[in-house]
Each structure stands twice: as C-alpha cells, then as structure tokens.
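Note that these values count all heavy atoms, side chains included, but never hydrogens, waters or copies made by symmetry. Just so you know, these numbers come straight off a predicted model, no measurement behind them.
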Amino acid sequence: MTPQKTKSVPLVQIEVLVPVDVPAGQRARFEQSLARFLFGNERVRPELSGVLAEHGVDFNHLASLAAREPLGVCPSPGAVEFVPSDKLAEVCRRHGIDLTSGGCALMTFTYDAYDGAERPSDALEINIKLPGTTARDIAESAELTEDVATALFGDCRLSERARAYLRTHGVDLETIAAHNRGLLGGDGVPFTSRVSPEIHAYLRDSGFDVDRFGRFDVRQVDESGNDELLPSSWSKTTCC
C-alpha cells in the first residue's frame with residue numbers, strides 16, 4: 001500500500017475492522033469487493049427476477065430505479081454524494097464545511113483488530129475520522145453518528161423509486177420473498193443485495209457473508225488530520 005497525503009479537500013477516513021481471516025495475497029481484491037459492498041446501493045436479488053416477471057415487473061428497469069439518483073450538487077462526476085440529515089447539515093454549516101465543494105473518503109482495512117478478542121457475528125464495525133472539530137460534536141451524539149454512516153453508505157433500504165414501482169405493480173416484495181425462500185437460499189436471507197452475484201459469492205467464499213454482516217456499526221468517531229500520512233487501500237471522491 002502506498003502512503004497518500006491529502007491536503008486540499010475535506011477528508012473522511014474510514015477504518016474497516018475486518019472480522020474474517022484473509023490471506024495477505026488476497027487482500028487487494030477483498031478490499032475492492034468490500035468497498036463496493038459498503039458504498040453500493042440496495043438492489044432486489046436476481047434470484048427473484050423470474051417470479052417478479054410473472055407480476056409484470058421489468059427487472060432491469062427495477063434495478064435502474066434502485067440506483068441512487070444524483071442530486072447534481074457535486075463537482076466531481078461519479079463521486080459518492082454525501083447527503084446529510086437536517087441536524088448533520090447544521091453541524092457542517094456551523095463548522096464551515098461546504099458540502100458541495102468536494103472531498104475524499106479514504107478507506108483502510110485492519111485485519112488484526114480482533115486478535116484475542118471476540119469478533120462480531122452479524123455486524124461490520126468501522127471507525128470514522130471526520131474533518132476538523134465536527135468529530136467532537138458528532139462523537140457525542142449517537143443520532144449524529146448514525147446520520148454520518150447513512151450519509152456515507154446509505155440507509156440499507158431499497159430506494160423509494162424502486163418501492164413505488166413495485167407498489168404500482170401490486171407487488172409486496174416481502175411476501176414474494178417469503179414464498180420463495182428456496183430461491184434465496186433459506187429463511188432469514190435478505191431479498192436485496194448491494195453487490196453483484198459474482199462479488200456476493202466472492203465475499204462469501206472469502207468468509208465474509210454479506211447476508212450475515214448486513215449491519216454497519218460505528219465503533220468510534222475521531223478527528224481526522226489532513227496532514228498525516230495514511231496507508232491507503234482504497235479511496236473514493238465524495239461530495240463532502
């Protein structure tokens with residue numbers, strides 16, 4: 001991994017505490033796949049495409065509706081838009097952070113976080129460092145911490161546009177999924193996924209079953225330092 005120095009844009013540092021053992025030679029691909037999972041959007045799993053087609057649902061169109069619709073406020077095409085809650089927007093305004101000026105999310109992966117300690121069985125734990133003194137306000141509020149995670153990674157729900165499309169066709173997705181558990185692989189398996197079936201299978205074979213680690217927990221919020229050298233595994237332009 002090559003150290004990177006970031007000075008010119010607001011920096012959000014995300015430390016992923018990896019809860020599974022990944023051989024060193026496989027970590028680059030694992031990290032790219034896990035980053036796609038974190039920043040992906042919820043889509044109905046293709047296992048249900050045939051059943052939904054029987055109800056008149058165009059699965060490809062449904063997938064397009066599940067994609068996040070850009071607000072058009074970010075200066076960098078293809079960037080992840082950081083969409084705050086009202087309270088989080090107020091904190092950013094108070095600390096002089098322009099949410100339309102662009103920024104960078106820098107993700108690192110820690111593989112020894114649970115050495116000698118119990119690993120979470122159903123949640124992916126992360127630590128977040130935020131620009132300037134915003135971290136102090138946010139760290140003191142569970143609500144604001146959750147708002148930051150949602151602004152970065154979404155709310156783990158199918159988009160309203162996709163839900164409206166299904167409602168218009170008279171489709172109750174939960175009922176469809178309940179009647180077709182065999183297609184999904186059994187009880188308790190989510191009917192949506194953030195990644196393609198190929199990445200889904202790769203992560204599962206690597207020990208990280210996205211159906212089991214479907215919750216993101218922020219363990220710690222600290223202040224980031226834009227002048228410090230960081231071992232970077234993955235970075236993404238953001239609008240924050």
Side-chain angles (χ1 to χ4, degrees), residues 1 3-4 6 10-22 24 27-28 30-42 80 82-85 87-92 95 97 103-157 190 193-195 203-204 206-236 238 240:
M1 294 182 289
Q4 293 185 4
T6 304
L11 175 66
V12 176
Q13 297 167 234
I14 303 163
E15 179 190 17
V16 180
L17 309 182
V18 180
V20 298
D21 296 320
V22 182
R27 289 179 180 178
F30 178 83
E31 291 165 6
Q32 288 284 343
S33 299
L34 195 55
R36 291 193 179 193
F37 168 66
L38 279 163
F39 285 99
N41 56 276
E42 299 291 337
V80 173
F82 185 92
V83 182
S85 65
K87 289 185 178 180
L88 183 55
E90 171 57 25
V91 171
C92 292
H95 290 278
I97 294 178
C104 181
L106 190 64
M107 188 179 296
T108 58
F109 300 81
T110 301
Y111 290 89
D112 59 0
Y114 301 108
D115 285 358
E118 184 177 353
R119 305 183 184 197
S121 60
D122 61 354
L124 180 64
E125 294 186 321
I126 58 178
N127 294 324
I128 296 178
K129 292 187 177 182
L130 299 171
T133 54
T134 55
R136 300 174 192 173
D137 287 353
I138 290 169
E140 295 173 354
S141 168
E143 181 182 0
L144 283 172
T145 297
E146 183 178 348
D147 287 349
V148 168
T150 300
L152 284 169
F153 307 122
D155 62 3
C156 298
R157 299 180 63 204
S193 178
R194 288 176 159 238
V195 291
L203 287 172
R204 183 187 61 236
S206 299
F208 186 87
D209 187 346
V210 298
D211 293 334
R212 186 159 59 94
F213 292 98
R215 193 177 82 244
F216 308 148
D217 284 350
V218 179
R219 194 162 79 168
Q220 186 173 334
V221 176
D222 287 314
E223 183 177 338
S224 67
N226 281 16
D227 291 332
E228 64 183 298
L229 289 173
L230 300 166
S232 172
S233 295
W234 189 92
S235 64
K236 178 68 176 176
T238 63
C240 62

Inset, instruction - Would you indicate whether the side-chain heavy atoms of Arg119 and Asp21 approach each other to under 4.5 Å? - result: yes
Legend entry - Rounded distance [0.5 Å steps], CZ in Arg136 versus CD in Glu223: 5.0 Å
Legend entry - Side chain proximity check, Leu34 to Met107, heavy atoms < 4.5 angstrom: no
Inset, instruction - Starting at CD1 of Ile138, measure out to SG of Cys92 and round the result to the nearest 0.5 Å. - result: 6.0 Å
Legend entry - CG-CG distance between Asn41 and Asp155, expressed to the nearest 0.5 angstrom: 11.0 Å
Legend entry - Partner set under ring pair (Phe, Tyr, Trp, His ring centres under 6.0 Å) for Phe213, not counting sequence neighbours: Phe208
Legend entry - Closest contact, heavy atoms only, Phe39 versus Ala105: CZ-CB, 4.3 Å
Inset, instruction - For Gly207 and Arg212, work out which heavy atoms get closest and say how close. - result: O-NH2, 4.1 Å
Legend entry - Distance (rounded to the nearest 0.5 Å) between Glu31 CD and Arg36 CZ: 14.0 Å
Legend entry - Gap between atom OG1 of Thr133 and atom CD1 of Ile97 - 0.5 Å precision: 7.5 Å
Legend entry - Point-to-point distance, once rounded to the nearest 0.5 Å, from CZ of Phe216 to CG of Leu152: 10.5 Å
Inset, instruction - Examine distances only and state if a side-chain atom of Thr145 and a backbone atom of Ala139 form a donor-acceptor pair shorter than 3.5 Å. - result: no
Legend entry - Heavy-atom side-chain proximity of Val91 to Leu144 below 4.5 angstrom: yes
Inset, instruction - I would like to know whether Ile14 and Phe153 meet side-chain contact (heavy atoms from CB on, under 4.5 Å); could you show each step before the answer? - result: CA-CA 11 Å; Ile14 303 163; Phe153 307 122; 3.9 Å; yes
Legend entry - Exam field: side chain Asn127 to backbone Gln220, donor-acceptor pair closer than 3.5 Å: yes
Legend entry - Check: Ile126 and Asp217 side chains under 4.5 Å, non-hydrogen atoms: no
Inset, instruction - Look at the side chain of Arg219 and the backbone N and O of Glu125, then say whether any donor-acceptor pair between them is shorter than 3.5 Å. - result: no
Legend entry - Trace of the side-chain contact (heavy atoms from CB on, under 4.5 Å) decision for Tyr111 with Arg27: CA-CA 10 Å; Tyr111 290 89; Arg27 289 179 180 178; 3.5 Å; yes
Legend entry - Donor-acceptor contact below 3.5 Å, side chain Thr110 vs main chain Ala113: no
Inset, instruction - Taking the side chain as every heavy atom from C-beta outward, state whether Phe30 and Leu203 have any pair of such atoms under 4.5 Å apart. - result: yes
Legend entry - Heavy-atom pair of closest approach, residues Val20 and Ser206: CG2-O, 4.1 Å
Inset, instruction - Evaluate the side-chain proximity of Thr150 to Leu88: yes if any heavy-atom separation is below 4.5 Å, no if none is. - result: no
Legend entry - Residue pairs fulfilling salt bridge (Lys or Arg N to Asp or Glu O under 4.0 Å) with at least one residue in residues 138-154, sequence neighbours excluded: Lys87-Glu143
Inset, instruction - Taking the side chain as every heavy atom from C-beta outward, state whether Arg194 and Cys156 have any pair of such atoms under 4.5 Å apart. - result: yes
